[in-house]
Amino acid sequence: MTAPVTTDRLLLRHVHEDDAPSLREIYGRDDVARYLPMAAWTAESTPVEMAKRVARTGIDGPGTALALAIVLDGRVIGDVVLWPTDDTLSCGEIGWVLHPDAAGHGYATEAARALLTIAFEEYSMHRVAAQLDPRNTASARLCVRLGMRQEAHLRQNWWCKGEWTDTAVYGMLAAEHAGSPGVP
């Protein structure tokens with residue numbers, strides 16, 4: 001993976017150990033962790049979670065992933081991640097987290113769009129999906145802005161944080177991605 005990647009306003013680069021304070025500030029918030037499958041980061045869980053992210057430097061087989069810190073004006077404001085969901089590395093899933101103070105400026109859209117380009121153009125993926133709790137309306141709107149289609153709404157299929165939760169599945173095919181042959 002060619003890193004870092006620059007967009008109009010952002011730098012997307014591999015996650016470094018020294019990003020721990022910034023990412024803990026983000027992932028340690030209950031309002032951020034609310035719709036994530038893990039609890040808010042603590043002093044004890046941060047080193048474990050950081051080790052996972054630092055190791056996610058590219059997709060070269062099942063079980064690998066690409067995690068990129070979202071940097072704005074030298075400050076980490078979130079991260080995006082892409083991982084394969086099949087053994088052929090043809091299908092993937094994308095995820096994102098952004099500090100709430102940075103929300104509403106299009107940064108998540110810009111970062112996720114760049115990661116989709118990497119998925120389709122660099123990794124030659126056929127399909128990329130995003131799975132989320134549909135109560136996370138900001139992420140659902142982001143999927144739509146990215147051009148992803150809602151493909152499913154699974155009712156109470158995930159036991160998470162003491163309750164059965166729904167899952168919304170959004171997807172995009174390579175042929176639908178802007179920049180692909182035949183797509184404006």
Side-chain angles (χ1 to χ4, degrees), residues 1 3-16 19-20 22-41 46 49-50 52-59 64-73 75-85 91-123 125 127-151 158 160 165 167-172 176-178:
M1 195 325 280
V5 174
T6 56
T7 66
D8 288 341
R9 302 174 294 170
L10 304 171
L11 171 69
L12 304 178
R13 60 157 174 77
H14 294 293
V15 177
H16 304 144
D19 296 329
S22 297
L23 290 176
R24 166 120 189 261
E25 179 185 337
I26 299 166
Y27 281 95
R29 296 173 58 120
D30 288 332
D31 58 338
V32 170
R34 179 177 180 198
Y35 297 122
L36 298 177
M38 81 278 275
W41 289 14
T46 296
E49 295 298 334
M50 284 301 299
K52 292 176 193 174
R53 279 162 181 74
V54 168
R56 295 174 178 160
T57 58
I59 297 170
T64 60
L66 174 64
L68 298 174
I70 305 170
V71 182
L72 174 69
D73 299 328
R75 188 173 67 97
V76 174
I77 61 168
D79 64 352
V80 289
V81 65
L82 173 71
W83 63 94
T85 57
C91 296
E93 188 169 334
I94 187 174
W96 48 78
V97 169
L98 194 70
H99 193 292
D101 291 348
H105 302 283
Y107 301 133
T109 303
E110 198 169 317
R113 188 169 283 135
L115 191 57
L116 283 170
T117 298
I118 291 167
F120 293 123
E121 295 181 11
E122 190 160 334
Y123 290 118
M125 288 188 170
R127 179 182 190 286
V128 174
Q131 296 191 55
L132 53 108
D133 186 319
R135 296 175 296 181
N136 186 347
T137 57
S139 281
R141 287 190 310 267
L142 174 55
C143 289
V144 172
R145 279 194 307 278
L146 293 169
M148 301 179 92
R149 297 179 191 194
Q150 186 171 355
E151 299 176 339
W158 182 262
C160 185
T165 61
T167 300
V169 180
Y170 290 80
M172 176 183 280
E176 298 167 331
H177 182 253

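What you see below is based on every heavy atom in this structure, not just the backbone, and it leaves out hydrogens, waters and symmetry mates.
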Can you tell me how far apart NE2 (His99) and CG (Leu72) are? Round to the nearest 0.5 Å. 12.5 Å
Looking only at heavy atoms, which two atoms of Pro37 and Cys160 are closest? And how far apart? CA-SG, 4.0 Å
Looking at CG of Asn136 and CG of Leu36, how far apart are the two atoms once the value is rounded to the nearest 0.5 Å? 8.0 Å
Pairing residues for Arg34 by the side chain to side chain donor-acceptor pair (under 3.5 Å) criterion, not counting sequence neighbours: none
Pairing residues for Tyr107 by the ring-ring contact (aromatic ring centres under 6.0 Å, His included) criterion, not counting sequence neighbours: His105
If you round to the nearest 0.5 Å, how far is OG1 of Thr6 from CZ of Arg13? 14.0 Å
The criterion is side chain to side chain donor-acceptor pair (under 3.5 Å); which residues satisfy it with Gln131, sequence neighbours excluded? Glu93
Nearest atoms (heavy-atom pairs only) where Leu68 meets His14: CD2-N, 3.8 Å
With Ile70 as reference, evaluate Leu11, Leu98, Val76 under the side-chain contact (heavy atoms from CB on, under 4.5 Å) test and give the passing residue. Leu98
Suppose we screen for salt bridge (charged side-chain N to carboxylate O under 4.0 Å, His left out). Which residues come up paired with Arg29, at least two apart in sequence or across chains? Asp31
Please work out whether the ring planes of His177 and Phe120 are parallel, tilted or perpendicular, with thresholds of 30° and 60°. tilted
Salt-bridge present (Asp8, Arg113; N to O < 4.0 Å): no
Shortest non-hydrogen separation from Met172 to Met148 and the atoms involved: CE-N, 3.9 Å
Can you name the salt bridge (charged side-chain N to carboxylate O under 4.0 Å, His left out) partners of Glu25, sequence neighbours left out? none
Nearest 0.5 Å, please: how far is CD1 in Ile59 from CG in Leu82? 3.5 Å
What are the two closest heavy atoms between Gly58 and Thr64, and how far apart are they? O-CB, 3.4 Å
Within residues 98-111 or reaching into it, pairs that qualify as salt bridge (charged side-chain N to carboxylate O under 4.0 Å, His left out) - sequence neighbours excluded: Arg9-Glu110
Measuring from atom CG of Leu23 to atom CH2 of Trp41, what distance do you get when rounded to the nearest 0.5 angstrom? 5.0 Å
